[in-house]
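This report concerns only the one structure given below.
Here the structure is a predicted model, which is why all the values come from computation and not from measurement. Convention: sequence-line order gives letters A, B, ...; per-chain numbering from 1.
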Protein chains: 2
Amino acid sequence: MIEELITLINKSVNLAPQDVDLCMSQFELVQFPHSAIIEVEGKVPTYLYFIISGYVRLFYFDEKGNEITTHINCPPGFITSYFNFINQKVSAENLQSITDCTLLRISKANLGFLLEHSAVFKNYSIMVFEQALAYNENRAKEMATLSAEQRYLKLIKNYPDVLKNVPVQYIASFLGMKPESLSRIRKKILQ
Amino acid sequence: MIEELITLINKSVNLAPQDVDLCMSQFELVQFPHSAIIEVEGKVPTYLYFIISGYVRLFYFDEKGNEITTHINCPPGFITSYFNFINQKVSAENLQSITDCTLLRISKANLGFLLEHSAVFKNYSIMVFEQALAYNENRAKEMATLSAEQRYLKLIKNYPDVLKNVPVQYIASFLGMKPESLSRIRKKILQ
DNA sequence: AAATCCACTTGATAAATGTTAGGAAATGAA
DNA sequence: TTCATTTCCTAACATTTATCAAGTGGATTT
């Protein structure tokens, strides 16, 4: 299972055998059925997760009690409430499995251990951070400049498998629109 | 002039006298009249800027040739096309002064020198990065969930001086709406 | 099989925002 | 100054998206 993680990291940096061993010793394999709450709002996020299989989302409840999905991720990707995990602050978000899923997880303390004992992982973590920054900047830009239909078209173009595995209500929320609007957009596109 | 920068950094980390000296040796003071293009699209961003006085924005041209403002900043803040500056990649954005302004700037090489020779600055730079990530994540969330009016109300509540110093067309673009929409919203709020 | 639930869709209508056009006020150049 | 340009605002109309209410079909329960 951990090979997926090693493979992903090796695409960005070169892991020595001892790095691989170190990595394997710090991550823990866990499984969840679909719709399980993995990390709950109101607490400090315990783990950073790497997705081996399945789909996972982050969501919170707005002032009207509506679920707002802020992130959806799939293999091979990391997911957690990053800022609150890194700074060990209380998060307002829930991490939930969308499908059955297999994950690797690492605690803040163990991640710290990993980064202290291997400059390679430290460099890699900075890269992940930069990518997350660029991703969020791009997402803000798209939300500001694209119409709901353009945002949906871009999503299915870049992540076609999301549609097969994630309920449309979650997709609608993630794209910043109502399920009814997404339903109409989908109907329009079919013709 | 550099005192503003030192003061800001000292709010987050404790700078020793030699850190202050090091910092002063790496930053350079520059001035620009209003509406000057400070960094131009199609090139690798040369400097990271710290704003001493004045307002600055980042913008690009979309496929229809419209200016899209992605960031607006004021003292005491940093501004550049972060991702492209850090990775020394070609940027699609222009950095422009909105008002007359006084800036401190540092090249990528000099920033590297600063981070290598002072762990304090290294820690500070990681904090700045984390804050930028949190900022972008929040901005994406607001763009996805708030109406144009709510976004404007939040802006003038959090940054009331922006309104006095930045043309409304830039503000409208930054908030992801047309100037006409912002004009209507402003009129509505007055009553 | 009937009842229930849930996700998704559909339709009618309302609200928000975009588009187009024009005009007043401020700004800059000759 | 005067003229031209730019910025900002306004209005009428078009389009997009939200809201509210209802219906469909599949899955689950009893």
Taking side-chain contact (heavy atoms from CB on, under 4.5 Å) as the definition, give me every residue that meets it alongside [X], ordered by chain and number, with sequence neighbours left out.
X      : answer
H34(B) : D100(B)
N66(B) : D62(B), K64(B)
T46(B) : E39(B)

- prompt: For F174(A), what residues pass the ring-ring contact (aromatic ring centres under 6.0 Å, His included) criterion, not counting sequence neighbours?
  reply: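 Partners of F174(A) by the ring-ring contact (aromatic ring centres under 6.0 Å, His included) criterion come out as none, since no residue qualifies.
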| message | Going by the rule ring-ring contact (aromatic ring centres under 6.0 Å, His included), which residues pair with Y60(B) if we only count those two or more places apart in sequence or in a different chain? | response |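 Once residues adjacent in sequence are excluded, Y60(B) has no partner under the ring-ring contact (aromatic ring centres under 6.0 Å, His included) criterion.
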message: Using a 4.0 Å heavy-atom cut-off, does R184(A) contact any base of the nucleic acid, only the sugar-phosphate backbone, or nothing at all?
response: base
DNA chain D: first to last nucleotide in contact with chain B (atom under 4.0 angstrom from a heavy atom), 5' to 3', is dT7(D) to dA12(D)
Letter by letter from the 5' end, nucleotides 25-30 of chain C scores (B base, S sugar-phosphate only, - none; protein heavy atoms under 4.0 Å) ------
What pairs of residues pass the side-chain hydrogen bond (donor to acceptor under 3.5 Å, both in side chains) test when at least one of them lies in [range], not counting sequence neighbours?
range                       : answer
residues 76-90 of chain A   : S81(A)-N84(A), S81(A)-S91(A), S81(A)-E93(A)
residues 118-127 of chain A : D19(A)-S118(A)
residues 156-166 of chain B : D161(B)-K164(B)

(request) Find the bend of the helix from dA1(C)-dT30(D) to dA30(C)-dT1(D) as the angle between its two terminal axes (five pairs each), to the nearest 10°. (result)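 Comparing the axis at each end, I get an angle of 40°.
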- So do L133(A) and F83(B) actually touch side chain to side chain, heavy atoms under 4.5 Å? no
Contact check, residues 153-182 of chain B vs DNA chain D, heavy-atom distance under 4.0 Å, returns P167(B), V168(B), Q169(B), E180(B)
